[in-house]
Amino acid sequence: MVDAAKARALYRALLRELPPRPLVKTQPRSPIHQRLRQGFISENPSARSLAQADQMVQYLRAQRQYTVLLDRYNPGMNMDQEERIRLSARRVGMNMPKEFVNEQK
C-alpha cells in the first residue's frame, strides 16, 4: 500500500503548478482539475502512478521556471520592432528623434 500522505502531497503539488482556481465559486474548475481529483480519489494510487505524478510535477515546475527565465533574459521578446529600437537606443544613452508627421494632406 502506498503512503496516503505522499499521495496527498503530490496532488497538492500538481494543483499548485496548474493555473489558479477561478475566483468565482459558481465557475467549475477546469477539466484537468476534475480529472486529477477523480484519479486521486477513485483509484488507490499505485507506486507507479505516484512516480508518474511526481515526474509530472517536476516537468510542470521546470516549464514554469523556463518561462520565467525566458521573460527575464529576453525582455524585448514580446515587443514590436519600434519599441525594441527605442529601448535599444535608450540603453546606449540616446533618444530616438521624434518623427515628423505631416498633418496637411
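Applying the salt bridge (Lys or Arg N to Asp or Glu O under 4.0 Å) test to pairs two or more places apart or on separate chains, those with a residue in residues 54-69 are E17-R61, E17-R64. Sorted by first and then second residue, the salt bridge (Lys or Arg N to Asp or Glu O under 4.0 Å) pairs involving residues 73-84 (not counting sequence neighbours) are E83-R86.
The side chain to side chain contact (heavy atoms under 4.5 Å, CB included) search around R72 returns V68, L69, not counting sequence neighbours. Checked against side chain to side chain contact (heavy atoms under 4.5 Å, CB included), R16 has the following partners two or more places apart in sequence or in another chain: R12, A13. With sequence neighbours excluded, the residues forming a side chain to side chain contact (heavy atoms under 4.5 Å, CB included) with N95 are R90, listed by chain and number.
Here the closest heavy-atom approach between residue L10 and residue V57 is recorded as O-CG2, 4.1 Å.
A distance of 6.0 Å separates CE of M96 from CD1 of I85, quoted to the nearest 0.5 Å. One distance of note links NZ of K6 with CG of L50; it measures 6.5 Å at 0.5 Å rounding.
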Original post:
Under the side chain to side chain contact (heavy atoms under 4.5 Å, CB included) criterion, do Q63 and T67 qualify, and how do the steps go?
Top reply: CA-CA 6 Å; Q63 284 299 112; T67 56; 5.6 Å; no
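Under a 4.5 Å side-chain heavy-atom criterion applied to ILVMFWY residues, the cluster that includes V92 comprises M94 as well.
Counting heavy atoms of neighbouring residues, nucleotides and ligands inside a 6.0 Å radius, atom CD1 of I32 does not exceed 12 of them.
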